[in-house]
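Comments concern the structure below.
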Amino acid sequence: MGGYVRCAYVKRSTRRTRDGQVIGYLQLAHNEWDPVSKSSKTRVLHNFGREDQVDLEAVRRLVASLSKLLTPGQALAAGAPAELAFTASVAFGGTHALDGIWSELGIAAQLRTLGAKRRFDARFERILFALVANRALAPSSKLAAADWISHDVHIAGLDEVGEDACYRAMDWLPAIEPVLAREVYFSVAHLLNLEVDLLFFDTTSTYFETGQADEAVSRDQHGRRVEPDAPAAAGEAGFRAFGKSKDHRDDLPQVIVGMAVTRDGIPVRCWSWPGNTADSALIRQVRDQLREWNLARIVWVGDRGFASEANRRYLQQGGGHYILGEKLRGGTAAADTALSRQGRYQKVRDNLEVKEVRLDPDLADDRFVICFNPDEAERDRVTRERHVSTLTELITDSDKLSKTKRGELRGVISTKKHLNRYLRLTAGGLLRVDQAAIKREANLDGKYLLRCSDPKLSAEDIALGYKQLLEVERGWRDMKTVLDLRPVYHRREDRIRAHVLLCWLGLLLIRVAENRTGRRWPDLRRDLDRIHLGTFTGPAGVFRRRTDLTPTQTALFTALGINPPPLVIEAAPG
C-alpha cells in the first residue's frame, strides 16, 4: 500500500440516532493517492470516538508531544487558523528576559538620560541594548549583529537597524562610560543588595587577528590618549600592542582588560589598557577610580601579580585592606619564613585546610595564611613523578656522551622548565636528578600562600575570600567563550574599548540571570531561545503571537522576577 501521503487532519463525521439526535465523531485521517483507481482516498489513522466524549487533556498532551518535533516557527504555523497565513518567526524569549533585567537594573533609564543630554539618536538606548543582547545570545560582528537585530529576533522598540547606527552607538559608549558605570553600579548595588566588602580584581588579554600593532602615541598613566605636550603625558604606546599574552598568542597584538567583581560574581566595572601594560600598577589605578564612588570599607582581593610592596601600601590608604596571593617559589624572605613555621592545619572544607603563621615583627607586619588542598597535592605529586621519569629517561647513559653532546643535551633540557627544575649539574659536568629539588617541591604540593592586612578577618575568611577570586576567572571564561570577547576585529581604539564595554554589560545581565535562577547561562539561553514570535497575515491585517510557554519557561520567568512576554504583540488592521 504505497503512495504519496498528504498531511494528517481531524475529520468530523456525523450520525443521526433513531430519536433524531445528531452525534459527531472525530477521527485523525490523511489522504493517500491510490495508483490503481488514480484518485485520492481518505485513510483513518485513529478514532477519537464521540465528539462530546473526547478526552481533551489527552489530546493536549499528544499535541504537546508532537510539537517537540517541530521548530518554534513550525509549531506556530501548525496552530495557525485557516484564515491566517504564517509569514515569519523570530526568537523572542532571550531578548525579552534580558530586556527585563536591563530595565530593572536602571541601565535603560540611565542611557536614555545620557542620550537626551547629548542629543544622541532617539534609538540610542535601544541600539545599545540590542548589541549587548547580541553578545549574550548570538555573538557576531557588528554587520552580522545588525542583520540579527533586524531579522532574527524581536526587540521591543527596535524593528530594524543598520550597521552605521550600530557603530554610532558604539562610538558614543566610551565617552559616557565613567558616568554610566557609576550610576549602574549604585542602581545594581541597591537593587541586588550587593556585598562589596570584598572586591576581586584581575586582568586578562585579548588578541586581534592581525599581525600589525598600532603606532605609538602619547598616553597618560591610565593608558588614555593625550596630546604629546599635555601635562598628563606619561609615555608612548599603541593601543593594540605586543605583550605577554594570557591567551598564549604572543605572535598577535593585544590589549589588556581588567575587571572588578563582587563576591557574588557581579562585574562592577571593566577597563582597557594598551597591550604592553604591566599588571603590577593597574590595581592602584582601579582603586583610585572606584574611590571616587565613595564606597564603604573594601578588602581588595588579587593574585600574586599585584602583591608588590607599593601596591600593598597603596591599597591600605583610607582604611582599605587586601588579601593577595604570595609567591611560594623564589618568593620573599617573609614567604620563606612563613613556610618554615610549624603548626597544625585547620580543616575548612573537604578540599581546603588552612594554617595561620606569625612572623617576627621586623620581617613583616602582615598576616600569612598557608592553604593546603589535599586533592591538588595528589595531582602535583603525580605530575612531578611523570616529569622526573621523563628527565631520568633523557639523561640515562648521558655520562657516556662527549662533553659537547652532554652540553647540547643540557641546553635542550634548560628550555623545558618543568624538567630543568629537577636537573642538577655535578662539579664534573655530569647530569643528575636533583633529589633536594624534588624534596623542596614535595613540601609545596597542594599549597598556596596568602598575605592579608586585615587584622579582623579569621584565617578561614581569608582563605575562602581568596578562593572566591575564581569568580573573576569564571568571568573571563564567559567573556571569552560565551560573549566572544576574542578575537577582536575592530581597528579603532574607541571601538575596541566599546566592544569590551558591551561584553561587560552582557556579563552583568547574564550573571544576574544566573544568580536568580541557579542555572548557567548557556542552559537558560537554550530554553529562552525556544520562545518565538510568529507573524500572521489575513483579511483583517497583521497578527503577531508568541509560542505557548512550557512549565519550565514559566518557572524560569518567575525565578527571574520578570513578567513573561505577552501572548499577542500586535493585531493591526490591514
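Both backbone and side-chain heavy atoms feed into the values below; hydrogens, waters and symmetry mates do not.
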Original post:
Hey, mind stepping through R511 and D264 against salt bridge (charged side-chain N to carboxylate O under 4.0 Å, His left out) and telling me if it holds?
Top reply: CA-CA 9 Å; R511 277 293 177 270; D264 298 317; over 6 Å; no
Subject >> Passing candidate, side chain to side chain contact (heavy atoms under 4.5 Å, CB included) with V512, options V188, L560, L105 >> reply: L105
**OP:** Measure up the W293 and F186 rings against each other and bin them: parallel (under 30°), tilted (30 to 60°), perpendicular (over 60°).
**Re:** tilted
**OP:** Starting from the C-alpha separation in whole Å, work towards a yes-or-no answer on ring-ring contact (aromatic ring centres under 6.0 Å, His included) for W300 and Y322.
**Re:** CA-CA 4 Å; W300 289 87; Y322 55 79; over 10 Å; no
Subject >> Residues which pass side chain to side chain contact (heavy atoms under 4.5 Å, CB included) with T206, listed by chain and number, not counting sequence neighbours >> reply: V255, V257, L485, R486, V488
Original post:
Are W504 and E177 linked by a side-chain donor-acceptor pair shorter than 3.5 Å?
Top reply: no
**OP:** Look at the rings of F92 and H96 and say which category their plane angle falls in: under 30° parallel, 30 to 60° tilted, over 60° perpendicular.
**Re:** perpendicular
Subject >> Test side chain to side chain contact (heavy atoms under 4.5 Å, CB included) applied to R520 - qualifying residues, sequence neighbours left out >> reply: R474, D478, E514, P522, D523
Original post:
Just by distance, with hydrogens left out, do W273 and Q285 show a side-chain donor and acceptor under 3.5 Å apart?
Top reply: yes
**OP:** Kindly say whether A234 contributes a backbone atom to a donor-acceptor pair with the side chain of R219 at under 3.5 angstrom?
**Re:** no
Subject >> Side-chain (R263) to main-chain (L199) donor-acceptor, under 3.5 angstrom >> reply: no
**OP:** Check the pair D159, R126 against salt bridge (charged side-chain N to carboxylate O under 4.0 Å, His left out), reporting the backbone distance first and the verdict last.
**Re:** CA-CA 10 Å; D159 289 334; R126 288 287 79 193; over 6 Å; no
**OP:** Tell me, please, which residues at least two apart from D214 pass side chain to side chain contact (heavy atoms under 4.5 Å, CB included).
**Re:** F239, R240
**OP:** Using distance alone, with no hydrogens and no angle criterion, decide if T203 and D279 have a side-chain donor and acceptor under 3.5 Å apart.
**Re:** yes
Subject >> Salt bridge flag under 4.0 Å for residues D171 and R492 >> reply: yes
**OP:** For Q212, look at atom CD and say whether over 12 heavy atoms of other residues, nucleotides or ligands are found less than 6.0 Å away.
**Re:** no
Original post:
Between D121 and R123, is the closest basic N to carboxylate O distance under 4.0 Å?
Top reply: yes
Original post:
Is R119 atom CZ crowded by more than 12 heavy atoms from other residues, nucleotides or ligands, each under 6.0 Å away?
Top reply: no
Subject >> Over 12 foreign heavy atoms within 6.0 Å of CZ, R491 >> reply: no
Original post:
Does the R284 side chain pair with the main chain of Y314, one donor and one acceptor, at a distance under 3.5 Å?
Top reply: no
Original post:
Between R516 and E104, does at least one N-O distance fall below 4.0 Å, as a salt bridge requires?
Top reply: yes
Original post:
Do D548 and R545 meet the salt-bridge criterion of a basic N to acidic O distance under 4.0 Å?
Top reply: yes
**OP:** Flag the pair E125 and R112 as a salt bridge only when some basic side-chain nitrogen lies within less than 4.0 angstrom of an acidic carboxylate oxygen.
**Re:** yes
Original post:
Do side-chain atoms of S187 reach the backbone of E183 as a donor and acceptor pair under 3.5 angstrom?
Top reply: no
Original post:
CZ of R304: more than 12 outside heavy atoms within 6.0 angstrom?
Top reply: no
Original post:
Does a side-chain N-to-carboxylate-O contact under 4.0 Å join R530 and D527?
Top reply: yes
Subject >> V301 to G465 - nearest heavy-atom pair and separation >> reply: CG1-O, 4.1 Å
Original post:
Does a side-chain N-to-carboxylate-O contact under 4.0 Å join D461 and K456?
Top reply: no
**OP:** Tell me whether the guanidinium CZ or amine NZ of R495 lies under 6.0 angstrom from the six-membered ring centre of Y167 and within 45° of its axis.
**Re:** yes
Subject >> Side-chain (S205) to main-chain (K246) donor-acceptor, under 3.5 angstrom >> reply: yes
**OP:** Kindly say whether T547 contributes a backbone atom to a donor-acceptor pair with the side chain of H532 at under 3.5 angstrom?
**Re:** no
**OP:** Could you tell me whether the side chain of N311 and the main chain of F306 form a donor-acceptor pair under 3.5 Å?
**Re:** yes
Original post:
Does the N276 side chain pair with the main chain of F242, one donor and one acceptor, at a distance under 3.5 Å?
Top reply: no
